[in-house]
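It should be emphasised that the depicted structure is a prediction, and the values quoted were computed from it without experimental measurement. Residue numbers start from 1 in every chain, and the chains themselves are labelled A, B, ... in the order their sequence lines are given, proteins ahead of strands. Reckoned from all heavy atoms, side chains included, excluding hydrogens, waters and symmetry mates.
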There are 2 protein chains.
Amino acid sequence: MQNRLTIKDIARLSGVGKSTVSRVLNNESGVSQRTREKVEAIVNQHGFSPSRSARAMRGQSDKVVAIIVSRLDSLSENLAVQTMLPAFYEQGYDPIMMESQFSPELVGEHLQMLSHRNIDGVVLFGFTGITEDLLASWQSSLVLLARDANGFSSVCYDDEGAIQLLMEKLYAQGHRHISFIGVPHSDVTTGKRRHDAYLACCQQYQLESLSVLPGLAMTQGYDHVAEVLTPQTTALLCATDTLALGASKYLQQQRIENVQLASVGNTPLMKFLHPEIVTVDPGYAQAGRQAAAQLIEQVNGRADLRKIVIPAKLA
Amino acid sequence: MQNRLTIKDIARLSGVGKSTVSRVLNNESGVSQRTREKVEAIVNQHGFSPSRSARAMRGQSDKVVAIIVSRLDSLSENLAVQTMLPAFYEQGYDPIMMESQFSPELVGEHLQMLSHRNIDGVVLFGFTGITEDLLASWQSSLVLLARDANGFSSVCYDDEGAIQLLMEKLYAQGHRHISFIGVPHSDVTTGKRRHDAYLACCQQYQLESLSVLPGLAMTQGYDHVAEVLTPQTTALLCATDTLALGASKYLQQQRIENVQLASVGNTPLMKFLHPEIVTVDPGYAQAGRQAAAQLIEQVNGRADLRKIVIPAKLA
DNA sequence: CTGTTAGCGCGTTCAA
DNA sequence: TTGAACGCGCTAACAG
């Protein structure tokens, strides 16, 4: 806010040239220990930090990244962003936030805004409708979350593993009629993969499968859970905590108490409202950290594109 | 990502000087209509946009603001941020996100990071422990949300009005034993103001008051609601949706069905889980828009510091 | 009305 | 090992 010092001032104050200060600031070699210490002392004493805009103009990075969440109030994405932010701060990156509202068009607009600004990289929470060509120009500076795409880095959840853990646990608890409520297959990960895993487990345990795939919204869980409840049903597997929340409201209203809920999510809200639920933690927190780490390495050329899968854990 | 054009290129391409291009870009007067159109044509044709870092270095604004939320998963703050973001985008501001986790120390650290970066302004969601002197150097470029402070702009909720609306409604419904669950008075707005308003309403309607002030967390609502439930209690007023969620879990578990819940919040989660609740919308969405608008006007010197109060509405 | 000139704060030559 | 000079893309002051 006040008149900031410049590298020139620091040079004058420490009795050296501008370029020496620059070298010290950037940890470059070729500066004597004594000089380096002298300059560093002055820098610290004045709390000097070089102007980011000037650096950026010199072709350096702006140290700005963008995080595009689907919805600000997504329980799972919140958990990931929560660990992502500190990871970015620590490396000096400022994360700007954008909300896609599950609209590929909005993602497109946001990316276009970002291409004007000199962004270093983007973390994008994937969803149905995000296509490779929409992201084409960002190949090297984007990390996709919760989805993968050819030619892009991604951090994904272990959808199959999560469902398997849940089914295993339910089976061990003696459940033999386990229904499933999930998301349409147009959603590849949360939708198709989790449902397929459920079906595979049913086959493996020789159980009848019964499923409905209304969508991601809480109300959809509520509205459609009845379709998979038979008199024999003793357990209900939900593709997400959000669906489980919807389903459990229905169960409560109908005073159905002999159906064990299970879901992948392990969000704080779920843990509070329904601690009795069997839940798998897909590793949102770890995913956030990893996504940030991968993006930083990647934009600095220290890492290639990489697909990371976070292992699921029973909570 | 590719080799961006510069103002110089545009100048060459349109056969004018750099400064003329600059004048056109900044909508400055003193350019003939013909020249302006010619330049604009070239600019649009190439999708040119001036380098933000270069502008910033020339002392212009960086067009970056920061939003410091208390928690990423705050139901109320999410609603405000959701309207704030587009408002900022529209004016060309990039909002960087930070989470304070209700820690004044973290706010301090974040503000310090921001003072190094050349930030235009800050929207800060206030909470207990935020003091005027912590924010001292940001007087002119900060908008406080949900709190007010001397010498600062703020956007506040009408705590008294919200409680009054709720009490009025409950009274009209015939309730005469209305308990209150809220937040300690150390929290000035959500805590003291709402509780005081409750007490005042009780006096006005000649009702006995019965209240407990455990805190903001859902679990606190759950753990302490029993303390304000008597055999006569027919309604329970909650200072926030989050508390109401906690309380309602308790009521459900205890199969208590003759207590009408009321709360200030009107968040989507609440509306879904408990549509039967009497709820007041404190105007989170509007608050977000206003905060963004006020901050932008303010940092552009087009507005003075201002305290804005959002009126509450029955949902 | 318009073009030329001089920096903004920094990184990067290049000579010393 | 160091410093002086130059230029990044832009705006502002000045000259035409």
Side-chain angles (χ1 to χ4, degrees), chain A residues 1-43 46-64 92 115-120 300, chain B residues 1-43 46-64 92 115-120 300:
Chain A
M1 308 291 112
Q2 68 288 12
N3 274 341
R4 298 261 320 268
L5 294 172
T6 80
I7 197 175
K8 204 166 148 190
D9 299 316
I10 301 295
R12 189 171 33 74
L13 288 168
S14 38
V16 301
K18 292 189 320 183
S19 31
T20 302
V21 177
S22 177
R23 289 187 186 102
V24 172
L25 256 27
N26 299 340
N27 278 320
E28 281 173 25
S29 60
V31 181
S32 76
Q33 193 56 30
R34 250 178 47 77
T35 313
R36 184 180 296 279
E37 279 165 11
K38 193 169 55 182
V39 173
E40 274 169 350
I42 303 286
V43 166
H46 294 273
F48 168 79
S49 73
S51 146
R52 303 182 83 132
S53 12
R55 300 201 121 154
M57 217 187 52
R58 261 326 269 144
Q60 308 287 103
S61 124
D62 210 352
K63 293 240 168 192
V64 179
S115 69
H116 287 321
R117 159 85 62 178
N118 206 337
I119 285 289
D120 290 283
N300 289 341
Chain B
M1 307 298 110
Q2 69 288 12
N3 277 341
R4 299 262 318 267
L5 294 171
T6 79
I7 197 175
K8 202 165 149 191
D9 299 316
I10 301 296
R12 189 174 32 76
L13 288 168
S14 37
V16 301
K18 292 191 315 182
S19 35
T20 302
V21 177
S22 177
R23 288 186 186 103
V24 172
L25 255 26
N26 299 340
N27 277 320
E28 280 175 26
S29 60
V31 181
S32 76
Q33 193 56 30
R34 249 179 46 78
T35 313
R36 183 180 297 278
E37 278 165 10
K38 192 170 52 181
V39 173
E40 274 169 350
I42 303 286
V43 165
H46 293 271
F48 168 80
S49 71
S51 146
R52 301 183 82 133
S53 10
R55 292 200 129 158
M57 216 186 52
R58 275 310 305 167
Q60 307 288 103
S61 123
D62 210 351
K63 291 235 169 197
V64 178
S115 68
H116 287 322
R117 157 89 56 184
N118 206 339
I119 285 289
D120 289 285
N300 290 340

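Evaluation of the side chain to side chain contact (heavy atoms under 4.5 Å, CB included) rule for A/Glu28 yields A/Arg23, A/Asn26 as partners, not counting sequence neighbours. Shown here are the salt bridge (Lys or Arg N to Asp or Glu O under 4.0 Å) partners of B/Asp120, two or more places apart in sequence or in another chain: there are none. Checked against side chain to side chain donor-acceptor pair (under 3.5 Å), A/Arg58 has no partners two or more places apart in sequence or in another chain. Listed by chain and number, the residues in a side chain to side chain donor-acceptor pair (under 3.5 Å) with B/His116 are A/Ser49 (sequence neighbours excluded). For A/Glu40, there are no side chain to side chain donor-acceptor pair (under 3.5 Å) partners at least two apart in sequence or on another chain. Listed by chain and number, the residues in a side chain to side chain donor-acceptor pair (under 3.5 Å) with A/Ser32 are A/Thr35 (sequence neighbours excluded).
Of all nucleotides listed (C/dG11, D/dT11, C/dC10), D/dT11 comes nearest to the side chain of B/Asn26. In the set C/dG11, D/dT11, C/dT12, the nucleotide with an atom closest to the side chain of A/Arg55 is C/dG11.
Protein atom CG of A/Asn27 is 16 Å distant from nucleotide atom P of C/dC10, rounded to whole Å. Here the P atom of nucleotide C/dT13 and the CD atom of A/Glu28 are 10 Å apart, to the nearest Å. Summarising the geometry, the separation between CG on A/Leu25 and P on C/dG11 is reported as 6 Å, rounded to the nearest angstrom. For the pair A/Asp62 CG and C/dG9 C1', the computed distance is 14 Å after rounding to whole Å.
A/Arg12 is not listed as a side-chain neighbour of A/Thr6, based on a closest heavy-atom distance of 4.5 Å or more. Residues B/Val64 and A/Arg117 meet the side-chain proximity criterion, which asks for heavy atoms closer than 4.5 Å. A/Ile7 places a side-chain heavy atom less than 4.5 Å from the side chain of A/Ser22.
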What does the list of N/O pairs under 3.5 Å between the protein and nucleotides 4-7 of chain D look like, with a distance for each?
from, atom 1, to, atom 2, distance (Å)
D/dA4, N6, A/Ser19, OG, 3.0
D/dG7, N2, A/Arg58, NE, 3.0

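Within residues 6-14 of chain B, the residues having any heavy atom under 4.0 Å from DNA chain D are, by residue number, B/Thr6, B/Ile7. Annotation: proximity of residues 31-40 of chain B to DNA chain C (heavy atom, distance under 4.0 Å) is found for B/Val31, B/Ser32, B/Thr35, numbered in ascending order.
If you take CZ on A/Arg52 and OG on A/Ser61, they are separated by 8.0 Å, rounding to the nearest 0.5 Å. Going from atom CD1 of A/Ile42 over to atom CZ of A/Phe48 covers 12.0 Å, rounded to the nearest 0.5 Å. Atom CG of residue A/Asn118 and atom OG of residue B/Ser51 lie 7.5 Å apart, to the nearest 0.5 angstrom.
Distances shorter than 4.0 Å separate none of the side-chain N or O atoms of B/Ser22 from OP1 or OP2 on D/dC10.
Residue A/Ser51 is in sugar-phosphate contact alone, with no base atom involved, counting any heavy-atom pair closer than 4.0 Å across all strands shown.
In the helix from C/dC1-D/dG16 to C/dA16-D/dT1, the rotation axis of the first five pairs and that of the last five pairs differ in direction by 40°, rounded to 10 degrees.
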Side-chain donor-acceptor contacts of residues 13-21 of chain B below 3.5 Å, not counting sequence neighbours, with atom names and distances?
from, atom 1, to, atom 2, distance (Å)
B/Ser14, OG, B/Ile10, O, 2.4

